[in-house]
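The block underneath contains the structure these notes are about, expressed in structure tokens.
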Amino acid sequence: MSKYPFSEIEKRWQRFWDENNTFRVTEDPSVPPEKRRYVLDMFPYPSAAGLHVGHPEGYTATDIYCRFLRMRGYAVLHPMGFDSFGLPAETYAIQTGTHPRTTTEANITRFREQIKSLGFSYDWEREVSTHDPDYYRWTQWIFLRLWEKGLAYVDEVPVWYCEALGTVLANEEVISTPDGPRSERGNHPVERRPVRQWMLRITAYADRLLEGLERLDWPESIKTMQRNWIGRSEGAQVRFPLADGSGEIEVFTTRPDTLFGATYMVLAPEHPLVDRLTTNENRAAVEEYRTKAKLKSDMERTELSREKTGVFTGGYAVNPVNDEQIPVWISDYVLVSYGTGAIMAVPGHDERDFEFAQAFGLPIVRVVAPVDTPDPTAALTEAMPEPGIAVNSGPFDGLQTDEFKQRIIAWMEERGKGTRAVNYKLRDWIFSRQRYWGEPVPMIDCGGEFVPVPDADLPVRLPEVENYKPSGTGESPLAQVDEWLYTECPDGSGRKAKRETNTMPQWAGSCWYYLRFLDPGNDREPAAREKIDYWMPVDLYVGGTEHAVLHLLYARFWHKVLYDIGVVNTDEPFTRLVNQGMILGEGGVKMSKSLGNVINPDDIVAEFGADSMRMYEMFMGPLEIAKPWSTNGLAGVHRFLDRVYRLSERTVVDDAPPGELVRLLHKTIKKVTEDTDSLAFNTAIAQMMIFVNELFKVETHHRALWEPFVLLLSPYAPHLGEELWTKLGHEPSVSSVDWPVYDPALTIDEEVTIVLQVNGKVRSRIRATAGSSPEDLERLAREDARIREWTDQKEVVKVISVPDKLVNIVVR
RNA sequence: GCGAGAGUGGCGGAAUUGGUAGACGCGCCAGAUUUAGGAUCUGGUGCCUUCGGGCGUAAGGGUUCAAGUCCCUUCUCUCGCACCA
């Protein structure tokens, strides 16, 4: 389609960059700290499908920004690597017998080639892959530090287990069917079964993870999502003695002021006290309910069944504030995983409890009344969760909700009936998987006691296995590798011991990769402190919203722990975060294999070139928003680059260029500089197009116009940039040339258009010298023939004259 | 349901502190080139019009000389969370 030989140009410069290590960066102490930048992309999982068009979007944005920063004299750290542990490679291994390492490394090779084909300026000497033993050695090392700090522990956690597949399944691998939950693969029945898991005590950092958000330059929506995920709520822990004196039920409530309205209690079906509370005549019903709840998937328990269900246990508890006996029920609207797994039900002031009480005919008592009409006897036709004035609450009647909360907590604390408490939705992180393709947890089971593998013995390498099928017992395939499994206890006792067979989840490697980029070859520590001090924290982190919560929260958690033990210099890793918007298919629908509208970057590079691909993705719209792909739009950008190339074939002359074009050049430098700096690439490109359109109209090709333009273009279309720069007789690389500067005086027009309005409507336009006084403009406006037609015979009430903008004459 | 964000031509999208709405690109139209390809160049292109002008930034109201921009009400869409006591 075009004359411009992009294919040849792009290959040539990619080879040049590779051979010359153009983008290698070192820790040069002469660069002052304010001239250093760490710009990070979220590294990809090297899937078998290869790069999709979403990857180059964020990568191009950071690449343009990095090239821009370098030309402005910054030392820029800009690395790339691979998040290479993960389930797909293991699933493929189970199906084909191919080692996950083999597929993973082949995929990495392909990804690296694809990424390089787009001309990104990474320092490839810093590349890391999380599945590399030299890398995961330090992932294991960090795990041991977590263990030492008491942040790693073992617990039994109910997870989906499939008897037929002999393996543990993730939530998304379980589907709900009329016959109960089934495995997505094979449609076998599955059930929840407690499995021994390694846990990380992220909840210990909940408050710091919350507070840290305040200081971050992140999108507000992401911060909100993290806050909601952590879900801090303040209230009280209250003890309700069992009526038979055999124990007590502890509940968490944010509304201790409604204690007098607690007319029954509800336990989660899985709550350990259910057995003890259940009377013989209720046992059958309770057991049946519990069995059904066990089979419901999370989805069913939340989305599908809005209608409240439950069973009475037959047992009673005593309300600690008024000594009334209240019945204890079980229901799946109470979650075992939140709070204590039990609630006091206040149907008068909680919508869920109200619904439940109505369904089962339980008493509803008003204990809060609206402030303006505090009638204690007014009936409740629906729950009233809003604060108000206490009623029917004995000695506390008349108190406002907030004050009541404080008073009742103090009252309970004095009597040992309850305490002030804070609860989080955030739960401890299940940090193990019963899988092969992950970092082995570096612990050794010495007869029921876990002993850490000594640092010197790291990494605990993945052994070669014969097959990748699950063990059949729910354990990892590693449990079948006897020569790896059995070892000596590292405590010096010499007793026989077994290695931990669980591996870490995929999140582990990505929790700290940004640190390894600082010092990828270090065999004494994750990264040298001086390198951390030189570059950290990350100044700009760009990636998709899909990692808004988990990856970013886990990485922040690890970073804070590393900060606490003195490994890193700040307690937050990523100063500024930008989320790129999703690229949709043509027509605004999602890109998906099933719709057949997936765009393959390789095809685009082959047909239009990497520079066109890069520039088009930046020209589509603002980086942060979702936007649909358009091959016509891509062709438009390609056409622009083709025009640039054809301009470059004109003979350059050293004559002084016309003043108008010099002004346009300076305006262009200003616009491109400011927009690139603020990541507004779409408008920067628009300005370059305007400039080129104008250059195209004049015959003479002025060096003084063309050279600065080539520099402006070079971060966007780096291959073409290098080509044109050398064509102008310069040595490569253009990437180390100084960014052009503009003269502010030349960015302002000498003559401007002034809009003349009558009563706010545009009636005429005149040209005037820039900076003309309001008085002069008003005079010119009144002299204007068109304006006089509109103002004749009218009374001028007011004249607004804004320099360089408009004159508005208000008439009556 | 709750939270966040967004509604501008046929389409993607531009519009400092309120001051020419629709930059730039796509598409479309016309002309020029006579061109083996999704070519190139120039110009035009919000809607209506009795050619004076009128109307236009989701809808309605308000503030102002002036509103895409500020305020109120409503609607729609996208994303996230979703019985969290």
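Order of the sequence lines sets the chain letters (A, B, ...), proteins ahead of strands, with each chain counted from 1. In this text, all values refer to a predicted model and were calculated from it rather than measured experimentally.
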- prompt: Can you list the stems that RNA chain B is part of, where a stem is at least 3 pairs in a row, each Watson-Crick or G-U, with both distances below 3.5 Å?
  reply: B:1-7 with B:75-81, B:10-12 with B:24-26, B:27-32 with B:40-45, B:46-48 with B:53-55, B:58-62 with B:70-74
- request: Can you sort out the partners of T203(A) under side chain to side chain donor-acceptor pair (under 3.5 Å), two or more places apart, ordered by chain and number?
  value: D428(A)
query: How would you list, by chain and number, every residue that makes a side chain to side chain donor-acceptor pair (under 3.5 Å) with E694(A), sequence neighbours excluded?
result: K697(A)
Sugar-phosphate only, base, or nothing, as touched by I800(A) at under 4.0 Å among non-hydrogen atoms: base
- request: Under 4.0 Å between any heavy atoms, over every strand shown, what does D353(A) touch: base, sugar-phosphate, or nothing? Just pick one.
  value: nothing
- prompt: Tell me the salt bridge (Lys or Arg N to Asp or Glu O under 4.0 Å) pairs involving residues 612-624 of chain A, sequence neighbours left out?
  reply: D63(A)-R614(A)
Side-chain donor/acceptor of N808(A) to base of C65(B), under 3.5 Å: yes
Any protein N or O atoms within reach of nucleotides 1-12 of chain B? Criterion: under 3.5 Å, listing atom names and distances.
residue	atom	partner	partner atom	Å
G12(B)	O2'	M620(A)	O	2.7

- prompt: Using the C1' atom in both, what is the distance from G22(B) to G10(B), to the nearest Å?
  reply: 14 Å
message: For RNA chain B, which residues of residues 759-772 of chain A approach it to below 4.0 angstrom with any heavy atom?
response: K761(A), R763(A), R765(A)
- request: Would you tell me if any nitrogen or oxygen in the side chain of T545(A) comes within less than 4.0 Å of OP1 or OP2 on G80(B)?
  value: no
message: OP1 or OP2 of C41(B) versus the side-chain N and O atoms of R643(A): is any pair under 4.0 Å?
response: yes
query: Is G9(B) in the syn or the anti form, by the rule that syn lies within 90° of 0?
result: syn
